[in-house]
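Structure first, then comments.
The shown structure was predicted, so the numbers you read here are calculated from the model rather than taken from an experiment. Proteins come first, then strands; the chains are lettered A, B, ... in the order of their sequence lines, and each starts at number 1. Computed over heavy atoms, backbone and side chain alike; hydrogens, waters and symmetry mates excluded.
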2 protein chains.
Amino acid sequence: MTLMDEKPRPKAATLQTIADALGVHRSTVARALNAEERHRITPDVVKRVTEEAERQGYRRDIIAASLRTGKSRLVGVIVPDLANPVFSTILDGVSAALTGRSYSMLVADAGVPLGKQAEIVDALVGRRVDGLILATAMRNDPTVSFCLGLKVPTVLVNRAEDTLRASSVVADDHRGMGLAIAHLAELGHRRIAHIGGPEAVSTGCLRRQGFQDAMVSAGLGATRIVSADSYARSAGASAARQIFACWPDTTAIAAGNDLLALGALEYMRERGIGCPGEVSLTGFNDMPFIDLVDPALTTIRVPQHEMGKAAADMLLGAIEGPGRPPELQRLPVTLVVRSSSCATASGPREDRREGLPSDLLLPRA
Amino acid sequence: MTLMDEKPRPKAATLQTIADALGVHRSTVARALNAEERHRITPDVVKRVTEEAERQGYRRDIIAASLRTGKSRLVGVIVPDLANPVFSTILDGVSAALTGRSYSMLVADAGVPLGKQAEIVDALVGRRVDGLILATAMRNDPTVSFCLGLKVPTVLVNRAEDTLRASSVVADDHRGMGLAIAHLAELGHRRIAHIGGPEAVSTGCLRRQGFQDAMVSAGLGATRIVSADSYARSAGASAARQIFACWPDTTAIAAGNDLLALGALEYMRERGIGCPGEVSLTGFNDMPFIDLVDPALTTIRVPQHEMGKAAADMLLGAIEGPGRPPELQRLPVTLVVRSSSCATASGPREDRREGLPSDLLLPRA
DNA sequence: TTGAAAGCGGTACCAA
DNA sequence: TTGGTACCGCTTTCAA
């Protein structure tokens with residue numbers, strides 16, 4: 001009984017406990033257990049160490065190693081909203097890139113007000129993350145300044161700043177909105193309105209710019225714009241209300257993202273405005289399951305998973321080979337035509353499927 | 001020039017650098033900066049230390065602290081699929097519970113085959129996580145044995161084991177399926193089929209059990225069961241195909257989760273089988289945006305966010321007050337009636353398709 | 001109230 | 001090839 005009491009816990013295995021059991025020095029054990037160093041050790045010693053380590057259930061303490069080396073092999077990811085499938089898909093991409101590279105992912109939800117951003121970055125940096133991925137950036141973001149000042153390798157994803165201070169991976173927002181407008185114009189629409197996303201983030205700004213430019217080059221007026229203050233369904237609904245109040249003869253709406261489009265759809269349904277019969281609608285993002293809504297939403301596909309993966313790859317590059325200049329990667333987007341857009345009652349232009357890039361010609365889902 | 005070379009980098013602030021600047025000992029600095037110890041220090045010293053720390057931009061090194069204390073204030077969360085909104089919502093709940101408690105969340109995606117589970121746990125444990133939340137558990141899961149053997153506080157969420165070896169937070173799956181069947185029976189359906197989830201996970205098993213029990217107590221036969229081998233749309237579609245091949249007169253399908261229901265819906269649409277006109281359909285989970293599909297899915301609402309939050313709370317409890325027995329928390333579910341279920345067209349007991357050879361019944365369109 | 005010192009468990013460099 | 005040792009930055013006990 002007392003014997004058991006004397007050894008109540010086996011004590012976690014460390015290099016020292018293995019060294020003690022084998023009568024060698026712990027630095028020898030360390031080398032035998034390190035693939036890079038193993039070759040300088042007698043095979044027999046390596047074998048004995050390996051076996052003893054196995055027997056004791058030894059696992060290298062990454063914390064201790066991090067303290068010494070100054071590298072944590074930890075990446076912090078900050079998203080504005082974990083529950084938004086767009087961001088969890090990006091996260092999935094990040095995870096895919098990190099997997100097998102022995103990096104782990106610390107995830108933080110900045111929350112809607114984004115107010116706690118600084119605290120969160122602080123917590124992550126305090127954990128000595130080797131790098132940071134921000135999916136929350138505003139066009140001129142103090143948080144980015146903060147990270148840059150800390151000299152933590154930082155990559156922005158999905159949303160970029162106006163100036164390229166930090167490496168960024170984004171979608172081609174400007175062109176994407178251009179595709180949507182070209183599509184609607186080809187269907188014969190001329191009185192097209194835009195529900196813009198928040199002006200403070202790049203996606204809101206660039207997609208609105210894309211709307212204006214595309215309208216102008218199609219010879220149409222780009223005045224029917226209402227900007228939402230957040231990417232939320234409710235904001236989309238109230239923007240739609242404003243649009244129909246100001247310009248009742250609108251025949252198509254290009255929304256700044258899928259959520260805004262969903263809100264517009266709700267408003268239209270409530271008001272008995274048929275979609276696409278009376279008003280065509282397009283979204284942006286092609287978020288998961290958006291193909292299932294009624295009517296299936298015509299939208300711009302953004303490669304969220306790939307964006308996350310690319311951002312992580314870029315970050316690991318910056319971590320492992322520091323000192324390179326910021327880099328911008330703009331991923332291509334495609335138009336996905338579904339059922340929420342159709343020709344105007346007056347009919348599409350006769351050449352409606354000519355002269356368009358092939359990615360506009362996707363079959364309807 | 002040489003002067004600059006001599007001080008190339010300002011060097012990160014540590015307790016020592018602050019102590020040096022102030023001419024005090026670093027343990028004094030440590031105490032001044034620690035809210036628990038501050039009271040034993042002269043207010044003037046506290047003030048000077050605080051200011052100097054601020055000036056140098058000091059941030060406590062959690063890694064070093066962890067090494068010393070053996071507590072990382074890190075929680076590992078393993079999910080089967082980050083891109084699945086059900087799990088990202090659970091994650092959101094976990095995050096909410098951790099926020100402000102100075103715990104951070106290490107997220108790992110186990111991937112579909114779940115094969116790398118052991119590796120992932122290994123990596124997380126190597127990082128000295130204080131506890132683990134598993135959303136991946138099978139009914140008898142070697143990974144859980146592994147965690148338990150490691151004596152790492154572990155909480156299962158969403159899916160539990162058959163025996164209560166680890167604390168678990170789940171939804172009331174059995175009762176949920178009972179609600180769905182009661183709803184369909186009330187609408188007059190009698191020939192109800194079930195698309196079961198994987199037998200190896202508790203949700204699949206319990207919901208199927210719930211189906212059988214509810215059918216029996218409604219005086220109906222519980223033989224129309226096809227089990228899918230994964231919770232995927234494609235699996236739902238092929239299960240639906242089997243159902244209509246074996247039992248063409250089926251008037252309602254209760255699916256094991258929303259994704260399976262979606263798959264069934266796709267199959268039915270493809271085959272021209274009207275929903276809910278010809279066949280009613282129910283899902284399970286009420287995942288985000290599932291209310292937008294056409295037809296809006298009648299389903300069982302599972303409080304995913306709350307489950308995540310409860311699991312995190314339970315885990316923190318176990319971490320901070322160890323040694324308590326495993327606990328099971330079963331959260332209530334509710335029926336959400338939408339448009340994918342409706343009363344049978346021709347009354348409860350009639351079978352307008354009876355007597356026809358099944359090969360004629362298949363192409364309903 | 002403050003100082004001194006011993007670690008936590010690795011890593012990495014120098015010596016033998 | 002192996003041993004010895006000095007840290008990494010913080011916590012914590014013991015003295016002063």
Between protein and nucleic acid, restricted to nucleotides 13-16 of chain C and to nitrogen or oxygen atoms under 3.5 Å apart, what atom pairs and distances do you find?
residue, atom, partner, partner atom, Å
C/dC13, N4, A/Arg31, NH1, 3.2

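- Of the inter-residue distances, the one linking B/Gln329 atom CD with B/Asp313 atom CG reads 8.5 Å to the nearest 0.5 angstrom.
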Report, one line per pair, each donor and acceptor closer than 3.5 Å where one atom sits in a side chain of residues 68-75 of chain B; sequence neighbours left out.
residue, atom, partner, partner atom, Å
B/Thr69, OG1, B/Ala65, O, 3.0
B/Thr69, OG1, B/Lys71, N, 3.2
B/Thr69, OG1, B/Lys71, O, 3.4
B/Ser72, OG, B/Leu74, N, 3.3
B/Ser72, OG, B/Arg128, O, 2.5
B/Ser72, OG, B/Asp130, OD1, 3.3
B/Arg73, NE, B/Ser102, O, 3.2
B/Arg73, NE, B/Ser102, OG, 2.9
B/Arg73, NH2, B/Arg101, O, 2.9
B/Arg73, NH2, B/Ser102, OG, 3.2

Would you please test A/Ser145 and A/Arg165 for side-chain hydrogen bond (donor to acceptor under 3.5 Å, both in side chains) and show each step? CA-CA 9 Å; A/Ser145 307; A/Arg165 300 192 296 166; 3.0 Å; yes
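- In this entry the distance linking CG of B/Leu15 with P of C/dA6 reads 18 Å, nearest Å.
- Contact annotation: the side chain of B/Leu91 approaches that of B/Val77 to within less than 4.5 Å [non-hydrogen atoms, C-beta and beyond].
- Looking at B/Lys309 and B/Ser95, their side chains never come closer than 4.5 Å, going by heavy atoms from C-beta outward.
- Between B/Arg59 and A/Leu150, some side-chain heavy-atom pair lies under the 4.5 Å cut-off.
- Each of A/Asn34 and B/Leu67 lies near DNA chain C, and the nucleotide nearest B/Leu67 is the one positioned closer to the 5' end.
- The stretch residues 121-131 of chain B does not touch DNA chain C, since none of its heavy atoms comes less than 4.0 Å from the strand.
- A 4.5 Å side-chain heavy-atom check between B/Leu33 and B/Tyr58 finds at least one atom pair inside the cut-off.
- B/Ser66 and A/Arg127 share no side-chain donor-acceptor pair at under 3.5 Å.
- Applying a 4.0 Å cut-off to non-hydrogen atoms, the residues of residues 37-65 of chain B that approach DNA chain D are B/Tyr58, B/Arg60, B/Asp61, B/Ala64, B/Ala65, listed by residue number.
- Following rounding to the nearest Å, A/Gln16 (CD) and C/dT11 (P) show an atom-to-atom distance of 14 Å.
- Helix-axis bend for the helix from C/dT1-D/dA16 to C/dA16-D/dT1: the local axis fitted to the five terminal pairs at one end deviates from that at the other end by 40°, rounded to 10°.
- With salt bridges taken as basic N to acidic carboxylate O contacts below 4.0 Å, one links A/Arg55 and A/Glu52.
- By the 4.5 Å heavy-atom criterion applied to side chains, A/Met105 and B/Leu106 are not counted as neighbours.
- We find that CZ of A/Arg68 is positioned 5 Å from C1' of C/dT11, with the value rounded to whole Å.
- In this structure, OG on B/Ser202 lies 8.0 Å from CG on B/Asp162, to the nearest 0.5 angstrom.
- Nucleotides of DNA chain D with any atom under 4.0 Å from a heavy atom of chain A span, from 5' to 3', D/dT1 to D/dG9.
- Taking CD of A/Glu36 as the reference point, atom CZ of A/Arg31 lies at 14.0 Å (rounded to 0.5 Å).
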Test B/Ser168 against B/Glu161 for side-chain hydrogen bond (donor to acceptor under 3.5 Å, both in side chains), laying out the working first. CA-CA 8 Å; B/Ser168 311; B/Glu161 288 198 303; over 6 Å; no
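- Each of B/Ile78, B/Leu132, B/Thr154, B/Val121 was compared with B/Thr143 under the side chain to side chain contact (heavy atoms under 4.5 Å, CB included) criterion, and only B/Val121 meets it.
- Other residues, nucleotides and ligands contribute at most 12 non-hydrogen atoms within 6.0 Å of the CD atom of B/Glu54.
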